[in-house]
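So that the names make sense, note that chain A is the first sequence line, chain B the second, and so on, each numbered from 1.
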Protein chains: 2
Amino acid sequence: MSPEGERILVVDDEPFIADLLAAALRFEGFQVEVAGSGREALQVATPGRYDLVMLDVMMPDLEGTEVCRRLRESGVAVPVVFLTARDSTEDKVYGLGMADDYVTKPFSLEELVARVRAVLRRAGYESPDAAELRYADLVMSVDTHEVWRDGRSIELTATEFRVLQYLLEHPRRVVPKSEILDHVWDYSFEGDASIVETYISYIRKKLDESGGPPLIHTVRGVGYSLRVPKE
Amino acid sequence: MSPEGERILVVDDEPFIADLLAAALRFEGFQVEVAGSGREALQVATPGRYDLVMLDVMMPDLEGTEVCRRLRESGVAVPVVFLTARDSTEDKVYGLGMADDYVTKPFSLEELVARVRAVLRRAGYESPDAAELRYADLVMSVDTHEVWRDGRSIELTATEFRVLQYLLEHPRRVVPKSEILDHVWDYSFEGDASIVETYISYIRKKLDESGGPPLIHTVRGVGYSLRVPKE
DNA sequence: GGACAACGACCAGGATCCGCACGGCGTGCG
DNA sequence: CGCACGCCGTGCGGATCCTGGTCGTTGTCC
C-alpha cells in the first residue's frame, strides 16, 4: 500500500451519499476526492490520477455506465466500482460487464470497505489478506463465508456472520453496541441498538452449543467483547 | 503535537454547551475558538485554520450537517466531530456519514476528550497511546476494559472503571471530588459530589480485597490521591 | 485535653437501566 | 404455499446507580 493510501474518486450527485462514502473511505486511510456529476468526473479522471473510481449508476446528467464507457474510451483503465439501487436488476447486468464490482444501496460501511479493498487487491495494490480471521478456537473464512469452532462447522446467517466478523476484527476490545450497529447495519436502518443484542444472542447460542467456554462477553453499560474467559 | 496544542473550533448556539466544551478542551491544552452559529463557523473556518471542528447538529440557522457539507465543498478538509442528541437516529446517520466521530449529549468530559484525541490521532496529530495505564502494581487496559492488581484480575462496573481511569490518568496528584464528578459524570447530572465518595469506597474495597497496601488515599478537605503509601 | 463541628466512610434500599429471551409479523425465495 | 430470515415489540430479572442516613474520624477552638 502506498504510504498515503490509494487515491479514490467518488462520483455521486447526492451530497449525503458522496459524503458518507468519502468519510468512510478516508477513515480507512484512503485519499478521497469527490465529483458531484458524471461530467465533472470525466474532467478530473485523467489517466493514472486515481487508483479506483466509485460511480453512482443513477445520475441526472450522465448515467454511471456511460461515464465508465467514456473513461475506457479515453484510455483511463482505472478499476471501477458501481453504486446501484438494490432492486435494479438491469443496472446490475450492465454494471457487471464494465465494473470490477458493485455495491447496492443502502450499503453498510463494512460491505463498502470490503468491496473496495477486494478490488484494489485484485488490481495489485494491496497485499492479499489472509481472508481468514482467527481467535482462540474460532476460525472464519471471509471469502467462503464459513465459520468453525474447534474444527466443527457452524452455520450463520448473513447478519450473524457480519456481526461476528466485526468482533473478530477487534478481538478482546470491548466494542460498543452502537459501533456494531454503525458498521454492520446499512445507513438507512432506523431502529435502535437493541437489535444488536438479539443477534449477539443468536451467535452465542450457535457458538456455544458445540461446547467450549463462552467467547462473547457482555460488559454491562459498555458493549461486547470477544475473548477467552480468564480462568 | 504542536507546542501550542491543536486548534479547535467549537460551533454551538447554546452558550452553556459551547463554554463547557471550550473550557474542557482548553484545560487539555488545545487552542479553542468558539462560533455561536453555523454561518459564523463558515466565515471563520478557512482552509488550514483549524485542526478539528466540533459541530452541534441542531442549530437554528444552519444544521451542523449542512455546515459540514459546505465546508467540504469549499475545500476545508478538517476533521469534524458532531454533537448530537442521544436518540436522534437521523442525526446519527448523517453524522456518521460525514463526521470523523460523534458525541451524544449529554456527554461527560472524559468521553469528549477521548473522542477528540482519537480523531486527532487518526489524522496524524498525536502519537498513538499505549491504551494501557499503569501505576504501582495496578494495570488498566482501556480497550478491553480490564483491570489487574498484582496480576490478579479485578471486576469493575462501568462507572467504577471511569473513576479509576481518571485517577490513573493523574497519578499521585490530589484530585478534588468535584473534578472527578465533572469529568466522569455527564453534565446533566444533578446530584452532589458525595456520589464520588460512594464510588471511591466501592473501588477501594475491590482493589484492596486482593491484598496489597491501600492505593487510594483521602486528603481531607481536598480530594483523593492515587499513590503508594510512603513506608 | 475535651467538646463540637465538619467531613468522610460505608451501608441499605429503592429506582432505574440494561441485557436478554420470546414471539409475532413481514418479506423473499424455492 | 411454506419456510427461512430479518426486524421489532414486550416483559422479566437482575445488575447498577444513586440517595439518604448513620456512624466514625479528623481538625479546631476553647
Looking at Thr218(A), I'd like to know whether one of its side-chain N or O atoms comes within less than 4.0 Å of OP1 or OP2 on dC20(C). yes
The single option from Val147(B), Leu164(B), Thr157(B) passing side-chain contact (heavy atoms from CB on, under 4.5 Å) against Lys206(B): Thr157(B)
Among dC10(C), dG9(D), dG19(C), the one nearest Thr198(A) by side-chain distance: dG9(D)
What's the CG-C1' distance between Asp208(B) and dC10(C), to the nearest Å? 14 Å
Okay, side chain of Arg115(B), backbone of Tyr102(B): is any donor-acceptor separation there less than 3.5 Å? yes
Using whole Å, what does the distance between atom C1' of nucleotide dC7(D) and atom CZ of Arg162(A) come to? 13 Å
Candidate nucleotides dC7(C), dC17(D), dC18(D), ranked by approach to the side chain of Tyr202(B) - the nearest: dC18(D)
At under 4.0 Å, does any side-chain N or O of Ser194(A) touch on OP1 or OP2 of dC20(C)? no
Tell me whether the side-chain N/O atoms of Lys205(B) come closer than 4.0 Å to OP1 or OP2 in dC11(C). yes
Starting from C1' on dA15(D), measure out to CG on Leu156(B) and report it in whole angstrom. 15 Å
Identify which nucleotide among dT25(D), dC20(C), dC17(D) has an atom closest to any side-chain atom of Arg220(B), counting heavy atoms from C-beta outward. dT25(D)
Tell me: CG of Asp192(A) to P of dC7(D), nearest whole Å? 13 Å
Aromatic contact between His145(B) and Phe161(B), with the criterion being ring centroids under 6.0 Å apart: yes or no? yes
Could you tell me whether the phosphate oxygens of dA9(C), OP1 or OP2, come under 4.0 Å of any side-chain nitrogen or oxygen in Ser201(B)? no
Picking from dC20(C), dC17(D), dG6(D), the nucleotide nearest the side-chain atoms of Ala158(B) would be dC17(D)
Looking at dC7(D), I'd like to know if its phosphate oxygens (OP1 or OP2) sit under 4.0 Å from a side-chain N or O belonging to Trp185(A). yes
Without decimals, in angstroms, what is the distance between Glu197(B) CD and dC18(D) P? 14 Å
Can you check whether Lys177(B) has a side-chain N or O nearer than 4.0 Å to OP1 or OP2 of dC7(C)? no
Below 4.0 angstrom from OP1 or OP2 of dT16(D), is there any side-chain N or O of Thr157(B)? no
Reference residue Arg117(A); test salt bridge (charged side-chain N to carboxylate O under 4.0 Å, His left out); the match among Glu6(A), Glu111(A), Glu28(A): Glu28(A)
Could you state the atom-to-atom distance from CG of Leu181(B) to C1' of dC17(D) in whole Å? 14 Å
Within the supplied structure, the quantity of interest is the number of heavy atoms (other residues, nucleotides, ligands) at a distance under 6.0 Å from Arg172(B) CZ; does it exceed 12? no
Using atom OH of Tyr224(B) as one end and atom P of dA9(C) as the other, report the distance to the nearest whole Å. 4 Å
How many whole angstroms separate atom CD1 of Ile195(A) from atom P of dC5(D)? 15 Å
